Number of protein chains: 2
Amino acid sequence: MQDIARKVGVSPMTVSRALRDGTSVNAQTRDAIRQAVEELGYVFDSTAANLRQQRTGFVAVTIPSINNANFADTVRGLSDGLKAHGLQPLLGYTDYDIEQEEILVEQLLRRRPEAIVVTGGQHTPRCRRLLQSAGIPVIETWDLPSEPIGHVVGFSNADAAAMLVDHLVTSGRRRIAFVGGEAGGDFRGADRRAGFVAAVKRRGMDVTRLVDAGKAPVSMREGAIATRTLLEYAPDTDAIVCVSDLVAFGALTECQRMGVDVPGQIAIAGFGNYEVAQISVPPITTIDPFPERIGRQAADIVLQALGLETGAAAWSARLEPQLLVRASAPR
Amino acid sequence: MQDIARKVGVSPMTVSRALRDGTSVNAQTRDAIRQAVEELGYVFDSTAANLRQQRTGFVAVTIPSINNANFADTVRGLSDGLKAHGLQPLLGYTDYDIEQEEILVEQLLRRRPEAIVVTGGQHTPRCRRLLQSAGIPVIETWDLPSEPIGHVVGFSNADAAAMLVDHLVTSGRRRIAFVGGEAGGDFRGADRRAGFVAAVKRRGMDVTRLVDAGKAPVSMREGAIATRTLLEYAPDTDAIVCVSDLVAFGALTECQRMGVDVPGQIAIAGFGNYEVAQISVPPITTIDPFPERIGRQAADIVLQALGLETGAAAWSARLEPQLLVRASAPR
DNA sequence: CTGAAAGCGCTAACAC
DNA sequence: GTGTTAGCGCTTTCAG
């Protein structure tokens, strides 16, 4: 800034003012400064401004995996909501591991974000402490934590799974299997599985058809392999609930390879409303958790908590995922 | 740090030393400091350290879309490569728009990243200038720019498309179509299309079968719709090269819905080796551009350019995408 | 091994 | 509308 100031013949303070808006600077001076900036190729140093103002414009975001269309949609909704207010997401991923989450969260907090949006409500004790005492808004998403740290934008994964079971039973299925990941870091997947088990038991049906397809994130291929195993051991299965649409698509393709008719012999349902589930043949019955909306709502809460936006202050939002009945598991 | 220092009875300087490693501090003092840090819930402020050291530990990264498994893989490869050296990716996306890229790049440079990794080699003039004069390593990826700004980790998209044409012709196809996005922000898609056109012309065949499926990113659904249009206007088409596997999967499903045999009547090829192409029925012939490897190589170049890693200094890397022949377009 | 002084590049607060 | 002073929370440098 000093270089610019010298060149234009003003003080650095005037340069500082000219580069922001909402500050009063002589119009000619401002133009001259802007021109000098371009000529010298000066790029504003926000690290210094951040330190002085004690404001970074960062919003920390953690997701389990960057390679997941659902979480990517949430990040997109969040980013787009923040962009208008000059906030920048600072993204990290945990690989579905709360130990890694702890490390990541600490790393992110060192950057002094103004808010932090995390996926899920399960954290290590130290991670909880870090979040609680960070002195910034904390938003947990994609879940309904029993003891929220701060704000929540989520839904019941268990209820969503139960919706699928209900639908399948209503449409006449009785021997329903669940294909998901092994108990591990994917707490939302585990919750779906728990919801499945509860719903099946509630109806007095068997809960023997539970297949672990591998560690999260479970791939299409793993879904296919698990389905083959399932159908070898329990060939009379008449419906499969999958932990995600990716697994469901794997199951669908495996049925096609095995010559099993979907939905004639077996109905298949997934979770997430991924694009592949909309367009596969047949398209896959699923639950839409509205991932982008989760991100948008989180952004709204952040903006309100930071006083950047006025309006009805939502502390938290419980979303209602929607059942999408398609040909893989029709009515 | 002062609070900690007071509590332990040392100077802030000693605290600063104790919290870093490779510095000499009395072992007991260090333990006492570490304990005080936990008790007081102190979290190191890296914004201040960054300013003082003129090092942020950020590596800026721009991708066209966050919701794309290929670019996500590149980011993963990059992140994983950087993590070991304490560097943190600072990610932004451009929505396939070089104007947005310019804005994003400037925004990112204000954060004083130590290197910047961008997707593609097409930029606005001002964006080029910003990158050139940023004084940090610049890595362009996913393309082979005619005038690179700095480092490059990429491949020829045109050659990749030509490989597919060659394969299809070798396997007896003659009336080959291309389904892709409209001329616009997706320069890699445009390059594939150009490579397709050149390869088809080289063999003296028709280049009338070019279908614009919409703006990038082209979805599975848009691929399906475009394929329907194509087959209505040119029902004698015997092969389709798609700008991505997602489009190819859309094409495949549309053929299934229309009762067109794949590969009997029409062969389908995609690009990207997305998971859906591995497991669909039939699996889809494609090109694997090794997205994660692109990220890893970019990370290696960044680390070497910053002097964090010694070894054979690769200035740039030209990768060779691999043709994967599958049942949708067999030999 | 430890401490004191200075300063990274910017801006709040106060003068004029 | 513009300039001066001080300081954000760290770390480099130098002294002990």
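Just so we're clear, the structure is a prediction, and the values are computed from it rather than from any experiment.
Stacking of Arg20(B) on the aromatic ring of Phe44(B) is not recorded, the 6.0 Å distance cut-off and the 45° axial limit not both being met.
Arg55(A) places its CZ atom 14 Å from the C1' atom of dA12(C), with the value rounded to the nearest Å. Straight-line distance from the CG atom of Asp21(A) to the C1' atom of dT11(C): 15 Å, rounded to whole Å. Spacing between atom CZ of Arg6(A) and atom P of dG9(C) amounts to 12 Å, rounded to whole angstrom units. The CZ atom of Arg111(B) sits 14 Å away from the C1' atom of dC10(C) (whole-angstrom rounding). dC1(C) atom C1' lies 15 Å from atom CG of Asp31(B), rounded to whole Å.
Between Thr47(B) and dC8(D), a side-chain N or O to OP1/OP2 separation shorter than 4.0 Å is absent. Between dT2(D) and Thr29(A), a contact under 4.0 Å exists linking OP1 or OP2 to a side-chain N or O. At dA4(C), none of the side-chain N or O atoms of Ser11(B) fall inside 4.0 Å of OP1 or OP2 (strictly under the cut-off). In this model, the phosphate group of dG9(D) is approached by a side-chain N or O of Gln54(A) to a distance below 4.0 Å at OP1 or OP2.
Nearer the 5' end of DNA chain C, as judged by each residue's closest nucleotide, is the contact made by Val25(B), out of Leu51(A) and Val25(B).
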* When every nucleotide of nucleotides 10-16 of chain D is labelled 5' to 3' by its protein contacts under 4.0 Å (heavy atoms), B for base, S for sugar-phosphate only, - for none, what sequence of letters results? -> BBBB---
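Side-chain atoms of Arg30(A) and Thr23(A) include a donor-acceptor pair closer than 3.5 Å. Of the N and O atoms on the side chains of Asn67(A) and Ser65(A), not one donor lies less than 3.5 Å from an acceptor on the other residue. No hydrogens or angles considered: a donor-acceptor pair under 3.5 Å links the side chains of Glu101(B) and His123(B).
When side chains are defined from C-beta on, Pro145(A) counts as touching Val152(A), because their heavy atoms get closer than 4.5 Å.
The side chain of Asn26(B) has dT2(C) as its nearest neighbour among dG9(C), dT2(C), dG3(D).
For the pairing with Ile63(B), the side-chain contact (heavy atoms from CB on, under 4.5 Å) check across Leu91(B), Leu78(B), Asn70(B), Thr141(B) returns one residue only, Leu91(B).
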* Determine, stepwise, if the pair Arg110(B) / Asp45(A) fulfils salt bridge (Lys or Arg N to Asp or Glu O under 4.0 Å). => CA-CA 5 Å; Arg110(B) 290 170 172 228; Asp45(A) 185 336; over 6 Å; no
